[in-house]
Structures are given as C-alpha cells and as structure tokens.
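Working notes, beginning with the structure itself.
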2 protein chains.
Amino acid sequence: MDGADTARRRPTITDVARLAEVSPQTVSRYLRFNGGLKPATLERVEKAIRELDYRPNLVARSMRTQKTGRLAILMPAMAFNPSRMLAGASATAQASGYFVDVVSAGGGVRPRSERLLELADSGQYEGILSLAPVLPSMENKLHQRTTVVISADFDDEMRGIGELADATPIVRMIEHLVALGHSRFFHVAGDGHFASARARRQSYLDTVERLGAESLGVFDGDWSGESGIEAIRSLPSDARPTAVIAANDLVAAGVVRGARERGWDVPGDVSVTGWDNVGVGQFMTPSLTTVDVDLERLGSKAMAKLIAGLTNTAPEPNDVSLFRIIWRESTAEPPPGSRLAP
Amino acid sequence: MDGADTARRRPTITDVARLAEVSPQTVSRYLRFNGGLKPATLERVEKAIRELDYRPNLVARSMRTQKTGRLAILMPAMAFNPSRMLAGASATAQASGYFVDVVSAGGGVRPRSERLLELADSGQYEGILSLAPVLPSMENKLHQRTTVVISADFDDEMRGIGELADATPIVRMIEHLVALGHSRFFHVAGDGHFASARARRQSYLDTVERLGAESLGVFDGDWSGESGIEAIRSLPSDARPTAVIAANDLVAAGVVRGARERGWDVPGDVSVTGWDNVGVGQFMTPSLTTVDVDLERLGSKAMAKLIAGLTNTAPEPNDVSLFRIIWRESTAEPPPGSRLAP
DNA sequence: ACGCAAAAAGTGATCGTTCACTATAGTCCT
DNA sequence: AGGACTATAGTGAACGATCACTTTTTGCGT
C-alpha cells in the first residue's frame, strides 16, 4: 500500500541553499556556470550538494527557462531495423547537449501526423525529428511553434524523399555487372509505397536502358522473401536472366531460393544482388552481394539538420556517400553461352 | 536570423479563461475530467479552446502535479534488434496512458548505470524500464525515488535474469533430435557475458547428459557468424557431430558454412539449429531450424511489470510461452551410419 | 582613509497548472 | 419559508527553478 512512498522528498535547491547558508540564487548560479563564486562559497555549495545528493529538477527548470533540452524522434512503428539509425541520431544530439526520446507512432500517416502535432504542442520538446512523413496540411501548423525536421524514407504520395531513397548504388552495380558481360537483367522491386523502392526501380530501368542491356521486366514485390521466389517462378521458361537485382537482401534470398528451385545455379547461371547487408548474408551459400548502408551516419545527419535549425546555424555540408557495395559470391561473370543469345 | 521566432506566444490556460469569461480553474477542470460544468459554461470553454487552438503545457502540469506521465526505456546501444521489444513495451504503456521515451545509453555497465541514475533523478520520469542490467550498488539509491524495473537479458555477474534467458526451447530441441536418432551433439555458445548465452549453454550440457547422449563439447563463441565457422573448423577430423546447436541464427549460418567447407552435408550429415528466427533464415538453403521469440510480448510484459509497480497493482500472471520452435530443412534424421558408432 | 567600481550574493517576481479551500447559486425536504 | 445539501465557480498558494534587479562586500588607486 505504501511501498514506493517511503521515499523521502527530493531535496530542492532551497534545501541546498539552506544547508550551505547561501541564497537559492547562488546555488542556481553554481549549477549553470561555474563562475562568479568565491572559492569558499563554491566549496560550501558543492559540499551541500554532495551531502544531499541533490540533482536539479529538470521539469522545474524547463518551466522557467522555457527550454526542455529534449528532442523527440518520431518514427513509424515497425519500420525496418531503425536502431542503428537511432544510435547515430542520438549520439549527435547528446553531443550537442540534448536528451533524445524516441516516440513511436503506429497507424498510418494521419494518426502519425496528429501524434506529431500533439508532441510539438506538448511543450516538452524543442525540436522533433520525424523519420516518417506527415500530412502536408499539418506541416504549416507545425513550424510555427516547434522546429520540426522531417526526414522520411517512407512516403505515401508525399513530396520530399529522404536520402535513403538514393538509389545510385543500383546504377553502379548494374554498370559493374555489364562490364562483366551481363546482358539480361531482371528486377524484383520492393513495396511501391516506399520512396526507396520506387527510386531503386526507376534507377534500374534507367540504367539498363542507358547501357543498352536487355531487361526481362520488373516484378513488383513487397520486400518479402516470398516475393523473391514468386518473381523467379513468374518468369517464362525461355527467359532466363543473367543477373537479378533484388530490392533488398531478404528478397535476394528468396530469389536465390527460387532460382535453385528451377535448377539455376547462383552465380553460375544467374547473379543476384541484394541491399541492406543483413548479418547472415555473409554466411549463406552463396554469400550475398549487397549494399551496406551507413545508417548511423544517416541518423546523425538528420539530427544535425534538426539541431542546425534549432540554433540557426548553417548545417555543415557533408557529401560522403552513405553507401558501399559489397561484392560477394552471389555475383560473378555470366555463363559463357549467354553472350550469344539474340 | 529570426525564422522560428516569428511564432506567437503559446496560449495559456489564462488566455482561454479570459476568452471564455470564466476562471482558469474552471478551464482546468474541463481539461482533466469533463464533469461538473454547466452545459453553457462547458460550451464557452470548448469554443475558446478551439478558437485559440489551445493545448495544455505539459511541463507546467507536471510541475504542479509532480507526475510526468512519461516513462523512459533505457537500453544498451546496439543490442540485437530491440525494435520489436520496444513496440510491445510502448503499446502497453500507451494503453495505460503513459508517454514512452526510449533513451539509449552506450558504453558499459558503469556509464549506463550512471545514466540511469541521472534519468531517475531528473524528475522527468515516473518509472524507468531498463532492458539492461545496472550495478547493484546503484540499485539501492534508485528505488528510493523512482520506480525502476530492470528486465535485463544481458548481465555481468548480476542476480536477476530476464525471461529472455529462458533456454527451455534448447531442451525441447535436443529431446526431439534424440528421438530422431541423433547421438553426437555439439554446441556453439554465444558471448558468456550474456545471461542468455550462459543459460543456453547450461541447458545444452544438462540435457545432453540427462538423455545419455554424447557431446563433443562446447565452443565458446561470441554470437558472430565467424565463431560458427571457427567452431566447426576446431573439431578434430575423427569427431563429426550429428547435430549442432548454435547460439543463434547468425552462428548457425556460420556453422552451415563451416560444415560445407569440410564437405559435410546439412542436414544429410549434420543437423543444425539456430535461435531468433531471422528473416532470411527461411530462404537459405537449407532453410534454418530456429526458435521464434515473441519479443513484442516480452516487451509488453516487462512494461506491465513496471506499471504494476507504479500503481501498486499486482501484475497479472501470464505464463504463455514466449518461444516457438520452427523446424525447417536444416534438421533431419542423422545419417544411417552414425547409429553404429561407439 | 576615502571613494568608487567591480565582484559576489540576495530579493522578489514569474513560468503555466493544479490543489485545497471558500463562495455563490440552485435544489429539495419538512 | 427556512435550513441543509449539492452542484458549480472562484481565490490564493504552491510546485522548483531562473530572471531581472537590488544590495552588500571586496579590492584598489590616490
């Protein structure tokens, strides 16, 4: 019935002041910048703080200063693995002296947008970094009161697309494969609702055409391994690609599985590429060629943008690539006969 | 230079009261429970709130009520994929009316413990759920002021171990394999600093002995795929297990790779089991037998415990198993000859 | 010794809400 | 019709810290 209530009251700044025989204001001064205190006073205050094990009440401080020193990260529930991105973002924020909270919002765009508005107006956050898009109609209201940076990969008919949607590695992979002698490509795309999926799809189409290679088309999947298998099954028997560009590693694993099902050897008959550098990809047989995405840096950059907006500083430009292609066993030269095909 | 500062001042409860021609207290009453207001008054207040687009300042409210309605989740930076666990935990908390923030703390046990203490004393959280262990010395200080529930999987010489450390699925897997005719086992353990790794190791040893099966020993790995490969390489040429129990799917993938390297067929010569039900495991060849862990429920239960502690309610007992074994291609009957071995 | 500026410390008000009371109006019973 | 209640609304203080001032102390030159 009592239990937790046995706790004695938290000491306040006044308690410290009384013990140190100074005014609260002096203690406050000590807490905010260690200056303007006589050595003797300073010592008394320090001793009192230590003795009471005092820590300032941040809520009260926020109340007076109108600053919370806390940021929120709003993210879609159940996105792909966001933890690395968060790690980068929160490290950057902490370096600038901010607390970071991660608030997840389920549901679609609308409830998420409303949640964001609610957060922005709660007075608890100075800035909000949204890793998911919000309704354009909300955005106007938002920026009036709290700095909000939206850095969305996902997108449902929304304008800005984040850096994750950059699909240039697809271009480089296809170029490399063509140089190896590949001529017939096939793409298994991710869920078309995602900007990144659409960007990869488009990059695939553009690049294959630009290089004058043949495309057996695009299978519109949903990021799942099953879609990879189905994509291969859907190919007519006289159409065998020499290389399949999968939307991500999971799809790629499905593609490899599907190819084996049809008796095609990977990479002997077909090369396969993925995306994400999933842990086990390295140990599969064949190990998976993939794109490693520097999610930490991505998160860090997004957060840097938010902080820059908050302090009215210009964000430092940074054009280091976030992507790195890792070539592994699932890609090789095309089978000898393939070059002779019409 | 100005930019964000164009924002007009947020309306306060007093502004609303003035507009509605009532006292602030009346507005406050409206906000907390919609009762005790005359319909006419209620309507005036509602109208004023709508007109000003007023939202209560939660910091100020917290200040007065001494309740923040916010919880923090402290988690180790870079743990295995925590997002599913978080999803479960935050859903449960929100159902009880709490905000949930995720605060990540890098470094080891000590910095994490200090961070936790800091959080607990910041006055911003009513309860904290730590998914990582803290120093025992800190714990005493902690519980005096803020309810803290530590639900740690990881552990360095710490007492309580979380449910993740439950290794009974290992027992069931071995029993099943023995029933299939397997007789020579081998275990590749995870990092010994983790309670879960130690529990799985111990369950392996106990069960193999209890069933009178032969064990080729335990290789102490570190959860990595490389450790799986090395474990297989380390086996002398005359010692070939019929089944390998790997600490998780990544290790299992390494084991499969290592086995192939030595010319052993999986599952023809050796069966392999993993743990975690990683996405691609299903599409590997052979697809991976594994243990699916219901992380959502785990997170939800941990949070329920915290909330129960906060409200002095008894947590509802719940003994639904969090684990489910998924049998796939990587496990099968042992090779015929193996039964004849000494 | 004196004056005067700089350094150090203190005072009262305030941030936006809610709590514990008090005051007023409306209702019902005998 | 008077009194006892209940429903509704208002008042002043308080939560814990910091801000903008004011006051006291210290240091220094002449």
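So you know, we letter chains A, B, ... as the sequences are listed, proteins then strands, and number each from 1.
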Distance-minimising heavy-atom pair for [X] and [Y]:
X	Y	value
B:E21	B:R44	O-NH2, 3.5 Å
A:A20	A:A48	CB-CB, 3.9 Å
B:P11	B:D53	CG-O, 4.3 Å
A:I13	A:Y54	N-CE1, 3.6 Å
A:D15	A:R10	OD2-O, 4.1 Å
A:V59	B:M63	CG1-N, 3.8 Å

Over how many whole Å does the gap from [X] atom [atom1] to [N] atom [atom2] extend?
X	N	atom1	atom2	result
A:R29	D:dG16	CZ	P	21 Å
B:Y30	D:dG10	OH	P	16 Å
A:L52	D:dG16	CG	P	14 Å
B:R32	D:dT8	CZ	P	19 Å
B:R10	C:dG16	CZ	P	9 Å

- Can you name the residues that form a side-chain hydrogen bond (donor to acceptor under 3.5 Å, both in side chains) with A:S62, not counting sequence neighbours?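 Result, side-chain hydrogen bond (donor to acceptor under 3.5 Å, both in side chains) vs A:S62: none returned.
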
Can you tell if the side chain of [X] reaches within under 4.5 Å of the side chain of [Y], non-hydrogen atoms only?
X	Y	value
B:I49	B:V45	yes
B:M303	B:S300	no
B:E296	B:D294	yes
B:V22	B:V27	yes

- Message: Return the NZ to CG distance between A:K305 and A:L129, rounded to the nearest 0.5 Å.
- Response: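 Reported value, rounded in 0.5 Å steps: 8.5 Å.
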
- Message: Is there a side-chain contact between A:T12 and the phosphate of D:dC15, meaning an N or O under 4.0 Å from OP1 or OP2?
- Response: no

Could you list all N or O pairs between the protein and nucleotides 26-28 of chain C that sit under 3.5 Å apart?
none

- Which nucleotide, D:dA17, C:dA9, C:dT17, lies nearest any side-chain atom of B:Y54?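 The closest nucleotide is C:dT17.
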
Show me the side-chain donor-acceptor pairs of residues 36-43 of chain A shorter than 3.5 Å, one per line, residues at least two apart or across chains.
none

- Give me the bend of the helix from C:dA1-D:dT30 to C:dT30-D:dA1, using the axes of the five pairs at each end, rounded to 10°. 40°

- Going by heavy atoms closer than 4.0 Å, what residues in residues 15-28 of chain B are next to DNA chain D?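 Correct list: B:V22, B:S23, B:Q25, B:T26.
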
- Query: Between residues 57-67 of chain A and DNA chain D, which residues have a heavy-atom gap below 4.0 Å?
  - Reply: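 Listed by number, they are A:N57, A:A60, A:R61, A:M63, A:R64, A:T65.
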
